[in-house]
Amino acid sequence: MNKLNIAAMTAVAAVCLAAAAAPQAQAQLSIQIGPAPVCPYGYYAYAPYNCAPYGYYGPEWFSGGVFVGAGPWFHGSRDFHGHVDDHFDPHHGYHGHLPQRGEHADSHRGFSPQNFHGKSDRDAHGNQWHGKDNHGH
């Protein structure tokens, strides 16, 4: 019996040493946002943040002709919301032209409220707007 105990203790010690010597796996999460896309008429508020076409965003999304932002790059007021025209959203069946990043806006297009026909009210993260609580979905 003494030989059996010694063999068992030796086996347990070998397993413990092997476990201690094995490399430990470490979980790691890295999120890199990078710079906001440079799009002539703004970009969608969801990944992969493709450029949105002219007419998707209403005039309240622009300040001096510059897009104020959406998605993870938005740093405006918590209660910001504006109108979008879902007809220009690929999630709603749009298959038309999407501008490329870095493309310039057509100078003859203006963002006037009378020419915009948006039907959806959204916050800067793409959520439907439901008032001051900003819990839209």
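Keep in mind that the numbers below use all heavy atoms, side chains included, and drop hydrogens, waters and symmetry copies.
Listed by chain and residue number, nothing satisfies the ring pair (Phe, Tyr, Trp, His ring centres under 6.0 Å) test with H83 (two or more places apart in sequence, or in another chain).
Nearest heavy-atom pair across G71 and Y49 is CA-CE2, 4.3 Å. Between A45 and A70 the shortest heavy-atom distance is CB-CB, 4.0 Å. Between D121 and G82, the shortest heavy-atom distance links the atoms OD1-O, 3.2 Å. When all heavy atoms are compared, the tightest approach of G69 to A124 is O-CB, 4.3 Å.
In the model, D123 has no side-chain atom that pairs as donor or acceptor with a side-chain atom of H125 under 3.5 Å.
When side chains are defined from C-beta on, R122 does not count as touching H81, because their heavy atoms never get closer than 4.5 Å. Counting only heavy atoms from C-beta outward, the side chains of Y41 and F67 never approach each other to under 4.5 Å. The side-chain heavy atoms of Y57 and V68, taken from C-beta on, include no pair separated by under 4.5 Å.
Sequence neighbours left out, the pairs with a member in residues 36-67 that pass disulfide (SG to SG under 2.5 Å) are C39-C51.
Tested against Y56, the residues Y44, Y43, F116 include a single ring pair (Phe, Tyr, Trp, His ring centres under 6.0 Å) partner, Y44.
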Donor-acceptor contacts under 3.5 Å from residues 91-100 side chains, at least two apart:
from: Y94; atom 1: OH; to: H97; atom 2: N; distance (Å): 3.2
from: Y94; atom 1: OH; to: H97; atom 2: O; distance (Å): 2.9
from: H95; atom 1: NE2; to: G93; atom 2: O; distance (Å): 3.3

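No chain of hydrophobic side-chain contacts below 4.5 Å, direct or via other Ile, Leu, Val, Met, Phe, Trp or Tyr residues, connects V38 to Y54.
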